[in-house]
Peer 1: 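Mind having a look at this structure? Questions to follow.
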Amino acid sequence: MNQPTPEQPADIVARLRATFRTGRTKPVEWRTTQLRRLREMLTEHGTDLAAALHADLGKSSTEAYRTEIDFVIREIDHTLDHLEDWLRVESAPVPAHLGADATAWTQYDPLGVVLVIAPWNYPAQLLLAPVVGALASGNAVVVKPSEMAPATSAVLARLLPAFLDTEAFAVVEGGIPETTALLAERFDHIFYTGNGTVGRIVMRAAAEHLTPVTLELGGKSPAFVDRDADLPVVADRLARGKFLNAGQTCVAPDYVLTDPETAAALEPLFRKAVEAVYGSDASASGEFGRIVNERHFDRLSGLLDSGRVVVGGASDRATKYIAPTVLADVDPASPVMQEEIFGPILPIVTVPDLDAAIDFINDRDKPLALYVFTASQDTRDRLAAETSSGGLGYGLPLAHLTVSDLPFGGVGASGMGNYHGRYSIETFSHRKAVLDKPLG
Ligand code: NAD
């Protein structure tokens, strides 16, 4: 029997746009129903998703739930709890020349048909968390999962249409040709997570239709460690944050920036921390993930000799395993410092003092996150005031993105726009200005 021809991007967008124009997606009740259905999908089929995440990235079930499935459930619950409040019209004071009977307010309008393009590293979370905001804002949504996480893409393509309103929601699977075809269509917003090179392609395509974009990109997020910090705690928290998902996390601490004495003191502490989390052989730990594919494995293997190996250094192409690795004596000109690492390699770069550290950060692209470990209020204040980054974490890497009431996004080369919680409503809605002057 012949397979039915898949619906073409132009037809999908036209169909969803027709639905949007009927007003079907606008009532809050439709939105909350979609969110509840998405929640049901995650609770009923969490194990299917966890198995797919294991197949794609070797993620343990604990990690799959913590960083993807339960993460999205929390985002849904938070949105359901606050949505009516977030959508409330806000009145604005009216200037005297318009008369005492005039009133003004802002209201949130859905944008229309929006496109969400997701990457492979948290292939469920980074597709579904934007979808929560897009649906909560009353939009019709097209999603494009990453072809580089094929098992997760297949599960999402099977489950999402079974749970969500397919008159207003569609999944398009595929890689570059399919994404290129989608990008030729006119959307009312494009939400892209991934690398900056493709980010530019997305923005160029969006410009043709004057479509606004959110770009959630990456970059080299520094971890500044001051000599007065509690170093055993720092090493432990950095190791846990860096090696989660085998370092394939957009907000992972990319490198450590510290003075030479502190660098030396950190070396044995990193050895201890890695062993405490993954045992003496991380390849035997069920908690340590694998590199997504051979191309990234080869890229990362080429970075292992950018410094002196303090911990790890081992790799195995057959299983796409790269050990949790810490490198010392790393030259800022070495390959590992030229691009976002996006793998389990943590270089330690030394600078003489705080001024040099601030210059080091400001000489490079604005990072997605900056992490600061210090006991000094003055050092905290200076780094906050004198550097720019998407987010700033004192004392703990990664965790700021789990705070639903904080906007998550980059600045400069690490992206534009943000989301999570009420910031997703801002992203996926138009804040319409309304003036009402009675005729009488
Ligand atoms: P990826 O290769 O899966 O690409 C992302 C998406 O872009 C995919 O859906 C893919 O199909 C599509 N794509 C790829 N090439 C394309 C092309 N030429 N034209 C159109 N579409 C194309 O993921 P990636 O980019 O390798 O992801 C890793 C990067 O993403 C890292 O830089 C990381 O820091 C960043 N990232 C950022 C965040 C964030 O929230 N800011 C989260 C995760 C990852």
Side-chain angles (χ1 to χ4, degrees), residues 9 56-57 67-68 71-72 75 115-131 133 142-153 156-157 171-185 187 190-206 208 213-221 242 244-254 291-293 295-297 299-300 338-343 365-369 389-391 397-398 400-402 406-420 423-424 427:
D56 286 330
L57 291 147
T67 65
E68 308 229 33
F71 183 101
V72 179
E75 183 72 11
L115 172 64
V116 174
I117 305 176
W120 52 265
N121 60 331
Y122 290 84
Q125 186 218 125
L126 295 173
L127 184 103
L128 298 176
V131 163
V142 180
V143 297
K144 215 296 288 171
S146 176
E147 74 281 15
M148 281 167 67
T152 310
S153 176
L156 290 170
V171 183
V172 175
E173 285 195 272
I176 296 175
E178 291 78 6
T179 316
T180 306
L182 271 175
L183 287 172
E185 297 305 317
F187 289 92
I190 300 177
F191 189 105
Y192 168 81
T193 304
N195 67 76
T197 306
V198 177
R200 285 168 173 82
I201 295 173
V202 169
M203 200 167 167
R204 238 177 259 133
E208 279 304 311
V213 293
T214 302
L215 300 179
E216 296 282 343
L217 310 177
K220 292 180 85 62
S221 298
K242 174 72 183 193
L244 183 77
N245 198 25
Q248 301 164 112
T249 302
C250 56
V251 284
D254 188 272
I291 304 308
V292 66
N293 58 26
R295 183 167 61 81
H296 280 285
F297 175 89
R299 178 182 66 78
L300 289 162
Q338 304 316 304
E339 55 177 64
E340 179 181 2
I341 298 167
F342 222 55
D365 283 341
K366 292 181 182 177
L368 186 56
S389 54
L398 274 49
H400 61 292
L401 85 79
T402 65
L406 285 177
F408 177 62
V411 57
S414 55
M416 61 184 73
N418 52 58
Y419 72 126
H420 286 175
Y423 299 98
S424 292
T427 289

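All ligand and atom numbering here is 1-based and tracks the order in the structure. Residue numbers start at 1 and run along the sequence shown.
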Peer 1: Looking at every heavy atom in both Thr249 and Asn121, which two are closest together, and how far apart are they?
Peer 2: CA-ND2, 3.9 Å
Peer 1: List every atom of ligand 1 that sits less than 4.0 Å from any heavy atom of Thr193, numbering the atoms from 1 in the order shown and giving each element.
Peer 2: 5 (C), 37 (C), 38 (C), 39 (C), 40 (O), 42 (C), 43 (C)
Peer 1: Determine, considering heavy atoms only, which of Tyr419, Tyr192, Phe342 sits nearest to atom 4 (O) of ligand 1.
Peer 2: Tyr192
Peer 1: Scan Ile117, Val143, Val116 and name whichever one has a side chain to side chain contact (heavy atoms under 4.5 Å, CB included) with Pro130.
Peer 2: Val116
Peer 1: Taking the side chain as C-beta and beyond, is there a heavy-atom pair between Glu340 and Asp254 under 4.5 Å?
Peer 2: yes
Peer 1: Suppose we measure from atom 36 (N) of ligand 1 to each protein heavy atom; which comes out shortest, and what is that distance?
Peer 2: Cys250 CB, 3.4 Å
Peer 1: Can you pull out the closest protein heavy atom to atom 25 (O) of ligand 1? Residue, atom name and distance to 0.1 Å, please.
Peer 2: Asn195 ND2, 2.5 Å
Peer 1: For Arg200, which residues count as a salt bridge (Lys or Arg N to Asp or Glu O under 4.0 Å) partner, sequence neighbours excluded?
Peer 2: none
Peer 1: Is there a side-chain contact (heavy atoms from CB on, under 4.5 Å) between His400 and Val251? Walk through the geometry before answering.
Peer 2: CA-CA 10 Å; His400 61 292; Val251 284; 4.3 Å; yes
Peer 1: Which atoms from ligand 1 have a heavy atom of Leu368 less than 4.0 Å away?
Peer 2: 41 (N)
Peer 1: Where is the nearest protein heavy atom to atom 35 (C) of ligand 1: which residue, which atom, and how far?
Peer 2: Gly194 O, 3.3 Å
Peer 1: Of the protein's non-hydrogen atoms, which lies at the shortest distance from atom 26 (O) of ligand 1, and what is that distance?
Peer 2: Trp120 NE1, 3.0 Å
Peer 1: Using heavy atoms and a threshold below 4.0 Å, how should the contact between Val202 and ligand 1 be classified: side chain, backbone, both, or neither?
Peer 2: neither
Peer 1: Out of all atoms in ligand 1, which are within 4.0 Å of some heavy atom of Leu217? Include the element for each.
Peer 2: 37 (C), 38 (C), 39 (C), 41 (N)
Peer 1: Output yes when the distance from some N or O of ligand 1 to some N or O of Lys144 is under 3.5 Å, and no in every other case.
Peer 2: yes
Peer 1: How close does the nearest protein non-hydrogen atom get to atom 6 (C) of ligand 1, and which residue and atom is it?
Peer 2: Ala118 O, 3.5 Å
Peer 1: List the closest protein heavy-atom neighbour of atom 21 (N) of ligand 1: residue, atom name, distance to the nearest 0.1 Å.
Peer 2: Thr179 CG2, 3.2 Å
Peer 1: Give the atom numbers and elements of ligand 1 that come within less than 4.0 Å of a heavy atom of Phe408.
Peer 2: 40 (O)
Peer 1: Counting both backbone and side chain atoms, is some N or O of Glu340 under 3.5 Å from an N or O of ligand 1?
Peer 2: yes
Peer 1: Minimum distance, heavy atoms only, to atom 22 (C) of ligand 1: which one of Leu126, Val198, Leu182, Ile341 is it?
Peer 2: Val198
Peer 1: Aromatic contact between Phe71 and Tyr122, with the criterion being ring centroids under 6.0 Å apart: yes or no?
Peer 2: no
Peer 1: Would you mind listing every side-chain hydrogen bond (donor to acceptor under 3.5 Å, both in side chains) that reaches into residues 171-180, with sequence neighbours excluded?
Peer 2: Ser153-Glu173
Peer 1: Counting only heavy atoms closer than 4.0 Å, does ligand 1 sit against the backbone of Ile176, its side chain, both, or neither?
Peer 2: side chain
Peer 1: Name the residue from Val142, Val202, Val213 that meets the side chain to side chain contact (heavy atoms under 4.5 Å, CB included) definition with Leu115.
Peer 2: Val142
Peer 1: At a 4.0 Å threshold, what atoms of ligand 1 neighbour a non-hydrogen atom of Ser146?
Peer 2: 3 (O), 9 (O)
Peer 1: Note the single closest protein heavy atom to atom 11 (O) of ligand 1, along with its residue, its atom name and the distance in Å.
Peer 2: Glu147 OE1, 2.6 Å
Peer 1: Any idea which part of Met148 is under 4.0 Å from ligand 1, heavy-atom wise: side chain, backbone, both or neither?
Peer 2: side chain
Peer 1: Please step through side-chain contact (heavy atoms from CB on, under 4.5 Å) for the pair Ile291 and Leu300, ending with a clear verdict.
Peer 2: CA-CA 9 Å; Ile291 304 308; Leu300 289 162; 3.7 Å; yes
